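Notes to accompany the following structure.
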Amino acid sequence: MALSRLLAAAPFLILLAVALVLLGMAAGFHSPAAAGRLGPGAWPGMVAGLLAVLAAAKALALARGQELDDSRPQFAEEEAPESGPLQPWRAIAALSAFGAYCLTLGTLGFPLATALLLGVFLFVAGYRRPAALLVTSLGGSVGLFLLFRTVVYVSLPLGVGPFQSLSLGLLRLMGAS
Amino acid sequence: MLDQLALGLGQIATLANLLVLVLGLLVGMLVAILPGLTLVMGVALALPFTYAMGMIPAVILLTAMYVSGTYGGAFTSILFRVPGEPFDIPLLWDGHAMARAGGAAKALGLVLLAALVGGFVSLLFMMAVAEPFAKIAVRLSSAEFFALILFGIASVVSLGGGSLVNALISLCVGLLVASVGVDQTYGVDRYSFGLRTLSDGIEYVAVMIGAYGLGEVLSRTEAGMGTSSAVATGGRIRTVLPSFAEALRLRWALLRSTGIGIMVGIVPGAGATVASFVAYGAEGQYGARRRQLGSGIEEGIVAPQAASTASVGGAMTSLLTLGIPGSGTTAILYGALLLHGVQPGPQLFLGNAEVPYTIFATMLVSLIGMCLVGYLFIRVLMRVLEAPEVLVAAFVVAFCFVGTLAVRNSVNDLWVIVAFGAVGWLFERYRLPLAPMVLGVILGPMAEGYFMTTMIAANNDWTVFLTRPLSATLLAASVLSLAVPIVREHWRRRSHGTPEPARS
């Protein structure tokens with residue numbers, strides 16, 4: 001029981017620690033131009049201080065097994081659709097895929113990296129129709145690449161080495177420069 | 001005023017701009033229909049498309065999306081009990097009840113009427129008060145602007161529902177995120193940890209895309225998304241407009257809700273969702289048939305819809321006259337105008353009057369257009385609901401990344417959206433509302449700027465906020481808006497006894 005209360009309070013204890021660190025950093029923001037006036041650390045310091053107080057109050061209440069004020073229903077939650085048990089591993093896997101995308105985008109280029117991202121995300125989210133998954137990933141990636149390069153004129157990463165050749169080949173195939 | 005409106009209409013009346021307007025109407029309605037893709041998110045993702053456009057087409061596209069997006073989600077709420085947008089939730093209660101009783105066509109007709117009335121009245125209000133309001137706003141001091149922003153933040157936090165403490169925590173996180181980068185008063189680097197990317201500050205568009213876009217996708221992924229069609233959209237969808245006598249009978253509900261929508265829309269940071277719920281609540285307090293609310297009555301449909309469409313006019317008034325976004329969507333518009341070298345605010349009517357009047361004209365044409373599109377093409381638009389939710393989510397993810405790349409072509413920005421995607425997901429898990437955080441990120445720099453300017457000018461004398469009447473009034477209103485829910489909760493607990501300890 002005590003452990004579960006502590007676990008409930010843990011995120012707010014972490015938030016408290018972060019707020020205190022940020023408060024300490026704010027005290028170190030100085031500018032010679034601020035002599036005799038509120039300095040560059042004043043505003044973030046006030047906000048960090050308020051955050052620390054709120055996080056501490058929340059953590060203390062949860063550790064005691066109380067809620068400070070949870071009686072007001074949150075608007076958008078009132079009609080939240082009923083769902084099965086939560087599967088956090090899916091969200092973590094998706095988040096990892098997003099991170100991998102950021103890491104590999106520059107190397108693989110937009111078309112290949114995005115195709116992999118779409119495919120992995122669909123698989124992680126439970127889509128198990130292989131043919132449709134392949135078509136959606138490849139088609140979606142190529143479609144977005146062409147749309148943004150040739151219609152919206154957004155410069156997208158082409159990749160390096162053979163991956164760059166692939167991206168350029170794709171553009172030539174579609175008649176785009 | 002009318003001659004300038006005519007000039008605004010002239011700006012729209014080119015083939016290219018008309019096509020952009022129709023595109024905006026269609027996309028706005030599509031975005032509103034799709035659950036899991038909010039209007040704010042849709043407008044944020046559309047922003048990169050406007051980089052290659054001129055200012056006028058960009059403003060037309062985003063304004064048309066905004067107006068039609070307040071109407072589109074009503075269809076799924078009423079027909080399938082699936083709210084397309086958070087502000088469509090009240091429509092579930094009476095709209096879907098009426099549809100279940102065989103009155104779906106009538107319910108859709110009432111929504112159309114409410115959207116038209118709310119939209120036109122708020123447009124007239126906006127046109128009547130914007131320029132005089134701007135002339136007054138030019139004379140406001142930084143203390144008053146700071147108090148106004150604080151009042152907006154306090155209102156959103158107190159009206160938003162849920163735990164007040166959680167909302168304030170969320171707000172503080174947003175304000176701290178906005179502090180990252182070079183400080184605008186002294187030019188000191190703050191919280192950058194030696195990283196060049198952070199020295200440039202954190203783009204609020206990236207925060208919105210990450211928190212609302214990726215965060216929502218992660219939450220739905222964790223909850224389990226549908227891999228087949230979620231909704232069968234077969235069957236005829238009709239709209240039957242109410243008769244004149246029926247419309248006349250609903251006049252008080254329409255006018256009251258429209259007024260609420262305009263006033264809530266003006267409050268910085270509040271938007272259609274707050275307007276919709278407050279209007280529904282007011283109908284429950286003051287409506288002639290308040291005891292029947294929730295059972296499928298007409299007032300329960302027109303109140304939230306009129307308020308949410310009317311809030312567009314209020315939010316635009318706040319944006320154009322004060323330079324303070326009245327909602328998340330107008331925050332995106334704010335970014336779009338800045339991108340094209342236009343500074344929203346009281347000076348806009350003095351230097352760049354074509355912009356506000358083009359917006360007025362766009363809203364006028366969009367109101368008519370969205371009703372026509374809704375009346376004639378809704379069956380086609382609703383087909384998008386037949387796509388499996390997981391496919392829609394995958395493309396939302398792709399659009400999030402591409403849209404972010406379009407802002408600064410920086411992979412570092414992608415890390416920002418991934419980080420805020422994680423934040424959005426964790427906030428959802430621990431019941432911290434997202435809206436105050438995003439509000440803090442958007443309004444934080446403005447709030448700090450006005451606060452520091454005031455304090456420097458007043459030689460650190462904080463009483464300057466209390467000696468100016470308007471500033472003091474707004475600050476008192478801010479304190480009251482936060483204190484009232486706390487006091488009410490305290491009295492409720494005293495009269496009903498101590499609540500059960502929270503579940504671990």
Side-chain angles (χ1 to χ4, degrees), chain A residues 1 4-5 8 11 22 25 29 31 33-34 37-38 40 43-44 47-48 50-51 54-55 57-58 62 65-76 78-79 83-84 86-88 90-91 94-95 98-99 101-102 105-106 114 118 121-122 125-127 136 140 144 148 152-156, chain B residues 48-49 52 83 86 89 92 160-165 168-169 172-173 175-176 179 183 185-186 188 190-191 214 218 221-225 227 273 277 390-391 393-395 397-398 401-402 405-406 409 411 414-415 418 421-422 425 430 433 448 451-452 455-456 460 485-486 489 492 501-502 504:
Chain A
M1 190 80 131
S4 61
R5 278 193 236 143
L22 294 177
M25 289 177 71
F29 297 144
S31 170
R37 305 171 187 163
L38 289 182
W43 176 263
V47 175
L50 176 61
L51 179 61
L54 291 167
K58 189 80 183 182
L62 287 171
Q66 297 164 351
E67 261 296 352
L68 283 179
D69 62 336
D70 67 343
S71 61
R72 303 182 307 156
Q74 198 148 349
F75 288 150
E78 283 189 29
E79 293 294 336
S83 56
L86 293 180
Q87 301 169 67
R90 287 193 194 273
L95 197 56
F98 299 161
Y101 180 74
C102 296
L105 180 64
T114 305
L118 288 173
F121 175 79
L122 285 168
Y127 200 62
T136 305
L144 286 170
F148 278 86
V152 191
Y153 301 113
V154 173
S155 176
L156 295 171
Chain B
F49 284 87
I89 289 172
L92 297 175
S163 164
L164 196 61
V165 174
L168 286 170
I169 287 174
C172 288
V173 169
L175 291 173
L176 282 170
S179 303
D183 142 63
T185 307
Y186 297 105
V188 168
R190 299 185 305 195
Y191 299 132
L214 294 187
L218 286 170
T221 305
E222 182 184 28
M225 278 188 280
T227 55
T273 303
F277 277 87
V390 67
L391 279 184
F395 280 98
V397 168
F401 282 108
V402 181
L405 270 175
N409 205 14
V411 176
L414 299 187
W415 285 110
V418 171
W425 172 50
Y430 292 105
E448 181 185 359
F451 176 78
M452 294 299 287
M455 292 298 283
I456 289 170
N460 292 349
I486 296 172
E489 172 61 17
R492 189 194 70 83
S504 51

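Chain letters run A, B, ... following the sequence lines, proteins first and then strands; every chain starts at 1. Model, not experiment: these values are computed from the prediction.
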Of the backbone (N, CA, C, O) and the side chain (C-beta and beyond), which part of [X] lies under 4.5 Å from a heavy atom of chain B, both, or neither?
X        : result
A:Phe121 : side chain
A:Pro11  : side chain
A:Leu144 : side chain
A:Leu105 : side chain

* Which one of A:Ala55, A:Ala94, A:Gly106, A:Ser31 has the most heavy-atom pairs closer than 4.5 Å to chain B? ->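 If we count pairs closer than 4.5 Å to chain B, A:Ser31 comes out on top.
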* Give the C-alpha distance, both sets of side-chain angles, the deciding distance and a yes or no for side-chain contact (heavy atoms from CB on, under 4.5 Å) between A:Leu156 and B:Val402. => CA-CA 8 Å; A:Leu156 295 171; B:Val402 181; 4.3 Å; yes
What are the two closest heavy atoms between [X] and [Y], and how far apart are they?
X        : Y        : answer
B:Val165 : A:Lys58  : CG1-CD, 4.1 Å
A:Ala91  : B:Thr221 : N-CG2, 4.2 Å
A:Cys102 : B:Leu414 : SG-CB, 3.6 Å
B:Cys172 : A:Leu50  : SG-CD2, 3.6 Å
A:Arg37  : B:Asn460 : CA-ND2, 3.4 Å
B:Arg190 : A:Pro40  : NH1-O, 2.7 Å

* Fit a plane to each ring of B:Tyr191 and A:Phe29, take the angle between them on a 0 to 90° scale, and name the class: parallel (under 30°), tilted (30 to 60°) or perpendicular (over 60°). => perpendicular
* Step-by-step side-chain contact (heavy atoms from CB on, under 4.5 Å) determination, B:Phe395 to A:Thr136 -> CA-CA 10 Å; B:Phe395 280 98; A:Thr136 305; 3.7 Å; yes
* Region of B:Trp415 that comes under 4.5 Å of a non-hydrogen atom in chain A -> both
* Asked: Checking B:Val397 against chain A: side chain, backbone, both or neither under 4.5 Å from a heavy atom?
  -> side chain
* Asked: For A:Trp43 and B:Asp183, what are the C-alpha separation, side-chain angles and deciding distance, and is it a side-chain contact (heavy atoms from CB on, under 4.5 Å)?
  -> CA-CA 10 Å; A:Trp43 176 263; B:Asp183 142 63; over 6 Å; no
* To do: Kindly determine whether A:Leu122 and B:Leu391 satisfy side-chain contact (heavy atoms from CB on, under 4.5 Å), including the steps that lead there.
  => CA-CA 7 Å; A:Leu122 285 168; B:Leu391 279 184; 3.8 Å; yes
